[in-house]
Structures are given as C-alpha cells and as structure tokens.
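Here's the structure, in structure tokens; my notes come after.
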Amino acid sequence: MPVAGEKSWNDLSGPERRAIRFAKWLEPEGVTFRDAEAKAAYKQRVSRLIDAVELEKAPDRVPVLTKMGFYPAHRAGLTPYDAMNDTDRALEAWSRATIELQPDGLISPLHNTMPAKAFELLDYRLYDWPGHNLPKDAGYQYNEDEYMTPEEYDHLIEDPSDFLWRVYLPRVVGAYEGFSILSPAYDMVELPFSTAHIGPWGAPHQKDGFERLAAAGREVGTWAEKVFPMIAQMQGAGFPDYWGYATKAPFDFIGDSLRGTRGVIVDMFKKPEKVIEACERLAPLMVRWALAHTTVDSAPGIFIPLHKGADGFMSDEQFRTFYWPSLKKVLLGLIDHGFVPWLFAEGGYNSRLEAIAELPKGTTVWMFDRTDMVEAKRVIGGTACIQGNVPLSMMHMSTPDEVTAYCRELIRTAGHGGGFILDVGANMESPKEENVVAMIQAAKQYGAYS
Amino acid sequence: MAHDLVEALVHMKEKEALSIVEVSLEGGGDPNDILASCSEAMQIVGERFQEGSYFLPELIMSGEMLKKIAAILKPHMATQVASEAKLGRVVLGTVRGDIHDIGKDIVGFVLDVNGFEVTDLGINVPEQKFVDAVRDLSPGVLALSGFLTIAFDTMKSTIAALEEAGLRNGLRVIIGGGQIDETVRAFTGADAYGADAMAAVAYTKEMAGAK
Ligand code: B12
C-alpha cells in the first residue's frame, strides 16, 4: 500500500500506520454525506472516539455506543427470522435504529441480517438459526461440540488451513463434504503430480456440493449488494463505522470452534504442550485473518470476542500459560498494523486486568460486562480505553430514571479524564426502548468533559 | 493405595489414577473403597474450588476422570453402593430457551460435595418438567440457572407454573447465572439470587438448617 510521502506502508511503524488509519477514518472513502451538518457530526463522532482510544486528551464528551443483537429487528416488530430472511425490511429496521437512537457509531446490520437461505443451502451445522431448529423469535445459536479430535492437533499445527479445508469444513458444512477426498494442494505445483489432486474434483457427488456453494454464494452476494451501501449511507448520515473486521483469541479458536470447552480443558491437562503450540501457530494467522478483509480505508477497530479466559474459566496461572501469550501476540500484531483491537471481555475480567496493563498505551479498547469498572479504571485506565457496562438486567427491568442515575455514576467513576465509552455490558435483544434512550441521553447530558 | 488415588485425582493425574484403580482391582481391591477415595478426592477438589485455588478446568477434569473410573468399576460392582444420608434434596436445571450448562454443572458439583442430593434436569428444561420434578421429588430447594436475557422470562414462567400447580408454598427457589442479578430475582419472584456456586451452597445449607 503506497502512502503519500516517501515511506511505503511496509516501512511505517505501528503508531504511524494508526495515524494514517485514523486520518482515513475521519475522511472515509466512498461515503457521500447527506449534508454539511451530517459531515460535521460524523467528524465530531470519530474525533470523540479517537480521543477516547488514544488517551492523549479527554474527548469533548463521553462517547456512547450500543451493543445489540437483534434489538433493531425487535423494536421494528420483526423477528430474528424476518431479519435473516427479508433483507430489505431488516436493513430498514437497522437504519431506523441508528437514526432514531443517535448513538456515536452506526448500529451495524452485518452480524444479524445474514441470509438464512445461504446457511440452509450449505447445510451449515455449526449454528442453528431461527426457522432452522429454532423458533422464529430466537437468535442464532452456536452448537458447541468436539469437531476436532485430540489426535488432530499435529495436523492443525503443521498446516492449519489444510486441516480446515480438508478435515474440519467437510465435517461441519454439508456442502464441503466432498473436500474430504481431495489431496493436499501441494500436488498442483507439478504437472506430473497434479492428477492426484484433480481427480477427486470429478467424483459424482462433488457436483451437488459445488451447486450448493454457488447458490449460497449468490444469496450472500445479493445481500452484500444491499448491506454495504446501507452502511455507507449510515456513515453519510453522520454515524461512523468503527470495526473494520474481527478476529479471535487463538485459545478461543481452539476451545470454541475445534475442541469445545470440555475438550480444550481436558487437553490442558493431558497434552498441554500441544495446546500451547497450536495457540502459537494460530497467533499470526489470527492477525492475517483481519488483514485479509481490510484495507487502509477500513474502520480501524478489530472486534475480538473473548470467551474462555474469563474469571472462573481458569486460574491466573493457566491464563498466563495457555490464554494470554498467544492473545498478546495477536494484539501486538494488530497494533503493529495500526489497528485498534476492540475486545469484548465477556463475563468478568477482574483477575486479568494486570495482564491488560502490559499493552502499549492508547492502542486497545476493552468492552467489559461484569468487570468492576472502577477497578478497571484504576488498573488499566492509563493503558486502554474501557467500554461498558450497564447491566442487561437493568435495560430490561429498571426505569429510565434508574438507568440515568446508574450511567451518571458510571461516568463519574469510570469516565473521569476520558478513555471511556458508555455502553451496555452485553448484547441487547429486547430491552425497554426508554432505557436505551436514557443511556444514550446520559452520555450527552452528563458526559461533557470541560 | 487409597491415599495415592486421592493424591492422583486431586493433582489431575489421570493416567496414574486409572492405573492405581486397575492395579487395585486386579489385587482384589474393594470397588467401594475406590469409590470412597474418589469422593474424598472430590471433596478436596470442591474445597479448593471454593477457596479459589482451583477453577473450572479442575472441575471438568475431575468429572472426566470420575467417568472413566466409573466405567472401569461398573463390571466389578455386584451390589449398589448404599448412598449415604444426604442433607437434603435440590432440583437443578437450566431454564427453557437456554443451553448454558457450565455454571449449572459447577453448582451441581459443589452442592453434591457439600452433601446434598442433586437432581439435575439438564438444559433447556420446559416449565412442565420442573413442575413434575418438584411434585415427584419434593425438594427443599429448586435451583434455576440461566445465562441469556430470555431466561429472565422463562425463570418467571417456571416459577409461575409452580405456583399454578400449587407447589410454590414451602419450596425455596434460588436463581443464578450470567446476566442474573437481584433485579431479575425481584422480576421472577424467586426467593434468592446467588452470584456463584458458593452462594448456592450457603443458601441451601441455611434452608436445610431452617427446616
Ligand atoms: C461459554 C458460553 C457459551 C457456550 C456454552 C457452553 C455450555 N456448555 O454451557 C456456547 C458457545 C454454547 C454459548 C452459546 C450461546 N451464547 Co453464550 N456464552 C458463554 C460465555 C462465554 C460463558 C458462560 C459460562 O459458562 N461461564 C462460566 C461460568 C462457570 O462462569 P460464572 O457465570 O461465573 O458461573 C457461576 C455463576 O453463573 C453461578 N451460577 C450459574 N448458575 C447458577 C444457578 C444458581 C441457582 C446459582 C445460585 C448460581 C449459578 O455459579 C457459577 C459457578 O460459580 C458467556 C459470556 C461470559 N463470559 O459470561 C456467553 C453468553 C452468556 N452467551 C451469550 C449468548 C448471546 C449466546 C448465544 C445466543 C450466542 C450464539 N449466537 O450462539 C448462544 C445461546 C445458546 C443458548 N440457547 O443458550 C450472551 C448472553 C447475552 C444475552 N443478551 O442474552 C453472553 C453473555 C455473551 C455475550 N455475547 O454477551 N455460549
């Protein structure tokens, strides 16, 4: 990526790259602003977020973001089933959520409006979704299982992508079943070896898989043609996007997707060296994963949900042995590319705050749920921006006045001096609208730094 | 031998534990003694979990080792082991719509090592199944687990269903898990909320004593 000036992208340092990403974030490519007012609002919101992240100075006021799952559908009278089956109505509902609620970043439809038809066509087994083993009013759900055997660590470590293509995907996605009889791609580099690889593509049952893949691809294509313009439109209305892509902690990649919670935990005792080796192997690939989907024009945040390193999941020593070293490599790798890792510490992260404090200042955002925010501010307030954590129970059951009081206190105790974004603790599905409004209003009314 | 087995289990040494069990059985050891060592070891694991030196991994690993030992012992067990007198009975389950069971299993495990007879109904448990279990088993305490916000509603409807069936009186209901807190307790009409498995034990003990 060539950059104005003499240095090429490869020669830039992490902070230089981040400065470029931030500058591009302020002047987004391919966005037409609705009017001068929308443009000014957009810039003000991005500056507010940048100030909160960088920790150099306090923003003009506390930024407020709104973590949500299917709430935009819910408030528009649509079910999750509708959201995943009727793109037009879903996108309208998501646009309305942003425009009506006016948070400091757009409410992205990317992770809740994906077309159910595509997963149906693929026979995608990793999740159930509304209308597929789940009622229409339920969100999609992951089916955790041991999709990789303990004996397969060596294959994973030696060649992760080969393992995923030829062993894992055929197991978990029906349309990929034919990939299990393919030979490794290495065959293709020499004509005389290549027949071993080419032959299996012609097996009679491959045709069905290809057709389903192509049909699913078209479904996603149709959806993407609508969803990305809608996101640009929201930016044009003044609401920045903040996540360019996502990645995962290596331990979670293994624990969530490959071995399952029980599997990975038993491995921690029976083959600890393999777990660690696999995490180390995956770390640079988790960085590459985010890089593959972004350009210098993408929003600088990289969303990372954290699962199996939370309080209670393991001891501090286990966290330091199995979870943190490879995650830290992923974070430092992303930071070096000028990204802002935006981590969602699901559950409690009280016992992990000291580790977070090892990261470079002003480079990450930590979204907390059940972590003590006052303690978080004390331990990592000088290192990272913290985001959260109005309890979902409160959004569902309290009164707007109670929400306001809670937010004011949170702003006072966790927000002083900047480095804080007001948000709920976990994804909202069906909160009381007036409570969401009260939270957003609280940032605007009581969040000014003067 | 007994001591070694306890040590091996407490230190999560599966191979060692299994070989001690096998050697003992070959030498004509009593399966009931092996079981007693297992429960002694689980007692210690439970204590360490409660003091905060063991975490989820040790509980899961203990469960794995016990499953394997149980499988080895099965053919050797001529008679059922008489179950020791328990402090009281608890019915436990994750409410309808929710499949999170890690927290629930810990609650079950810790209640069990603290001397309660625990009936675990599993995950995604419909209201009627709780009603039937309470009717059939008359537990002192019903423990409901849930991690999703939809569990707020199904905990409430479960408690309402018990009320409707005339089973609510005299039954103590405690709830817990992920997003659950005191606000949710008030909403659902439960008697207590517990932040962790130790809270479940403290409450259940208190209720058992109060009887
Ligand atoms: C692991 C996990 C999963 C696993 C569950 C595996 C399993 N077998 O349980 C999988 C991947 C399957 C999963 C699925 C989903 N999950 Co989930 N999951 C989690 C996660 C990361 C950890 C929960 C956990 O097990 N913690 C470990 C336990 C041991 O910790 P603990 O809570 O401290 O445990 C204590 C207390 O809870 C208490 N306790 C528990 N029960 C009880 C009962 C009583 C009576 C008492 C007194 C105490 C008590 O005692 C425990 C031991 O001390 C949380 C986030 C988090 N970190 O909390 C999300 C989370 C709970 N999941 C969430 C969601 C949304 C989902 C899915 C919908 C995601 C999806 N799209 O697939 C599905 C829903 C499936 C369903 N129908 O339930 C959300 C819920 C938010 C919401 N709005 O409802 C959370 C909060 C994450 C988030 N994104 O915000 N999940």
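Chain letters run A, B, ... following the sequence lines, proteins first and then strands; every chain starts at 1. Keep in mind that this is a model prediction, so the values were computed, not measured.
- Shown here is B:Arg168, whose CZ atom has more than 12 heavy atoms of other residues, nucleotides or ligands within 6.0 Å.
- B:Glu64 touches chain A through its side chain: at least one heavy atom from C-beta onward sits under 4.5 Å away, while N, CA, C and O do not.
- In this structure, chain B has heavy atoms under 4.5 Å from both the backbone and the side chain of A:Met314.
- Using a 4.5 Å cut-off between heavy atoms, A:Phe313 touches chain B through backbone and side chain atoms alike.
- Here the CZ-CG distance, from B:Phe55 to A:Asp316, works out to 7.5 Å after rounding to the nearest 0.5 Å.
- At a 4.5 Å heavy-atom cutoff, A:Ala138 makes no contact with chain B through either its backbone or its side chain.
- Contact of the B:Gln179 side chain with the A:Asp369 side chain is registered, since non-hydrogen atoms from C-beta on lie closer than 4.5 Å.
- Contacts between A:Gln141 and chain B at a heavy-atom distance below 4.5 Å involve the side chain alone, from C-beta outward.
- For a residue to count as touching a neighbouring chain, one of its non-hydrogen atoms must lie under 4.5 Å from one of that chain's; by this rule B:Glu58 touches chain A with backbone and side chain alike.
- Counted within 6.0 Å of CD on A:Glu273, heavy atoms from surrounding residues, nucleotides or ligands total more than 12; the atom is thus considered enclosed.
- With a 4.5 Å cut-off on side-chain heavy atoms, A:Val266 and B:Met12 do not count as touching.
- Heavy atoms closer than 4.5 Å to chain B are found in the side chain of A:Gln318, but not in its backbone.
- Around the NZ atom of B:Lys13, the shell of radius 6.0 Å holds no more than 12 heavy atoms that belong to other residues, nucleotides or ligands.
- Applying the 6.0 Å contact sphere to NE2 of A:His111 captures no more than 12 heavy atoms from other residues, nucleotides or ligands.
- For B:Asn124, no part lies near chain A; criterion is any non-hydrogen pair under 4.5 Å.
- Not one N or O on the side chain of A:Arg262 forms a donor-acceptor pair closer than 3.5 Å with the backbone of B:Ile60.
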Under 3.5 Å, side-chain donor or acceptor atoms of residues 392-400 of chain A against the rest of the protein: list the pairs with distances, not counting sequence neighbours.
residue: A:Ser393; atom: OG; partner: B:Asp181; partner atom: OD1; Å: 3.2
residue: A:Ser393; atom: OG; partner: B:Asp181; partner atom: OD2; Å: 2.5
residue: A:Thr399; atom: OG1; partner: A:Glu402; partner atom: N; Å: 3.2
residue: A:Thr399; atom: OG1; partner: A:Glu402; partner atom: OE1; Å: 3.3

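- Around CD of B:Glu164, the count of heavy atoms belonging to other residues, nucleotides or ligands within 6.0 Å does not exceed 12.
- Counting only residues at least two apart or on different chains, the ring pair (Phe, Tyr, Trp, His ring centres under 6.0 Å) pairs with a member in residues 90-119 of chain B are B:His100-B:Phe147.
- In terms of heavy-atom pairs under 4.5 Å with chain A, the best-connected choice from B:Asp196, B:Ile102, B:Leu56 is B:Leu56.
- In this structure, the portion of B:Ile180 lying under 4.5 Å from any heavy atom of chain A is its backbone and not its side chain.
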- [ ] Go through A:Lys270 and B:Lys15 one step at a time and tell me if the side-chain contact (heavy atoms from CB on, under 4.5 Å) criterion holds.
- [x] CA-CA 9 Å; A:Lys270 295 217 227 171; B:Lys15 260 195 209 143; over 6 Å; no
